[in-house]
Amino acid sequence: MEPITDLVHKYLRHDKKFPTVWCPGCGNGIILGSMMRAIDTLGWDKNNVVLVAGIGCAGRLPVYCDFNTLHTTHGRALTFATGIKLARPELNVVVVMGDGDSTAIGGNHFIHAARRNIDLTAIIFNNSVYGMTGGQYSPTSPYGAKATTAPYGNLEQSFNISRLAEAAGATFVARGTAYHAKMLDGLIGKALLKKGFSVVEVIVHCHTYYGRQNRFASPVEMLFWQKEKAVRIEKAREMSPEELGDRFPVGVLVDRDIPTYEEGYEKVRETAGEAIREIMEEEKSKEKAKSRIYEEL
Ligand code: SF4
Ligand code: MG
């Protein structure tokens with residue numbers, strides 16, 4: 001692993017796009033650091049990495065990175081990423097989304113990308129709020145949490161992103177937190193290596209909106225909340241739902257092998273190509289027969 005200053009020079013557009021739009025103390029930078037370290041550990045050529053994002057605070061991430069990058073429309077990052085992967089399957093395509101981006105406006109794209117098992121890595125920044133647009137509640141805001149659009153408490157039950165991904169068919173699902181940055185490096189690395197639709201849900205803090213509205217005094221307090229609530233999956237599996245309570249498992253939650261969409265697509269291309277060649281041969285011989293008859297007339 002190279003020293004952090006070398007990683008900054010190697011992977012960030014530090015001389016063009018900095019400073020970031022992120023609030024001082026935001027956890028998004030921790031996830032960016034983990035992602036850089038994971039890619040560096042794998043030794044991937046950055047020219048073969050494509051980073052795609054939608055809109056929101058998390059959606060700004062590709063702007064700062066010196067990979068092939070696409071900053072797309074809200075909720076549609078997975079559709080752009082799918083197109084890139086099918087056109088250029090040799091590229092490593094990573095999709096960065098927020099909780100609103102991936103499970104509200106982009107919710108259908110998310111479940112269908114998982115169902116199709118397209119070989120993409122989705123890193124989801126789950127801060128339980130719409131940060132960039134002013135602190136509205138999102139599909140992952142806990143029941144009763146305060147938001148600018150729920151000053152008396154959120155009345156909706158929240159999505160569990162990792163379980164949603166598992167149920168929709170993702171081959172690899174992991175959950176980490178910004179607090180457990182070292183563990184997050186490994187989870188992102190494993191997700192990048194895994195063939196198929198891989199999801200890393202990262203519990204991260206937005207102190208500016210979620211924290212301020214829900215009585216967290218500082219980003220540090222929110223980081224300690226992540227430390228306190230996270231339970232390693234190995235330990236969580238031995239606990240009853242009552243024992244687990246409002247704590248959540250972290251680590252690799254799902255790791256299974258399912259044929260990817262691209263593998264099937266390649267087979268269809270070969271079979272269809274064969275059928276088309278046969279039809280063309282048949283057409284050619286019909287044409288030849290026609291011209292022979294024409295000449296004999
Ligand atoms: Fe981070 Fe929240 Fe600020 Fe956005 S609004 S940069 S998520 S702290
Ligand atoms: Mg969010």
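Throughout, residue positions are numbered sequentially from 1 according to the sequence presented. Ligands are counted one by one from 1 in listed order, and the atoms in each one are counted from 1 as well.
Looking at atom 1 (Fe) of ligand 1, its nearest protein heavy atom turns out to be Cys26 SG, 2.4 Å. Protein heavy atom in closest approach to atom 3 (Fe) of ligand 1: Cys23 SG, 2.3 Å. When only non-hydrogen protein atoms are considered, atom 8 (S) of ligand 1 lies nearest to Thr208 OG1, 3.5 Å. The protein heavy atom nearest to atom 2 (Fe) of ligand 1 is Cys206 SG, 2.3 Å.
Contact annotation: for Tyr209 versus ligand 1, heavy atoms closer than 4.0 Å belong to the side chain alone.
Both tests pass for Arg212 against the ring of Tyr209: distance under 6.0 Å to the centre and angle within 45° of the axis.
Taking 2.8 Å as the threshold, Asn127 counts as a candidate ligand of the Mg ion (ligand 2), since one of its N, O or S atoms lies below it. At least one N, O or S atom of Val129 sits under 2.8 Å from the Mg ion (ligand 2). With 2.8 Å as the limit, Cys57 does not count as an N, O or S neighbour of atom 3 (Fe) of ligand 1.
The side-chain heavy atoms of Val95 and Ile123, taken from C-beta on, include no pair separated by under 4.5 Å. Looking at heavy atoms from C-beta onward, Val250 lies in side-chain contact with Met183 at the 4.5 angstrom threshold. When side chains are defined from C-beta on, Phe248 counts as touching Lys229, because their heavy atoms get closer than 4.5 Å. A heavy-atom distance below 4.5 Å is found between the side chains of Phe110 and Val199.
In the model, Asn154 has no side-chain atom that pairs as donor or acceptor with a side-chain atom of Ser141 under 3.5 Å. Between Thr140 and Asn126, the side chains place a donor N or O and an acceptor N or O closer than 3.5 Å (distance only, hydrogens not considered).
Short contacts between ligand 1 and His207, defined as distances under 4.0 Å to a heavy atom of the residue, involve ligand atoms 8 (S).
Between Tyr64 and Trp22, the two ring planes are perpendicular [angle over 60°; tilted spans 30° to 60°].
The atom of Asp99 nearest to the Mg ion (ligand 2) is OD1, with the search restricted to N, O or S atoms.
Ranked by closest heavy atom to atom 7 (S) of ligand 1, the top entry among Val204, Val129, Asn127 is Asn127.
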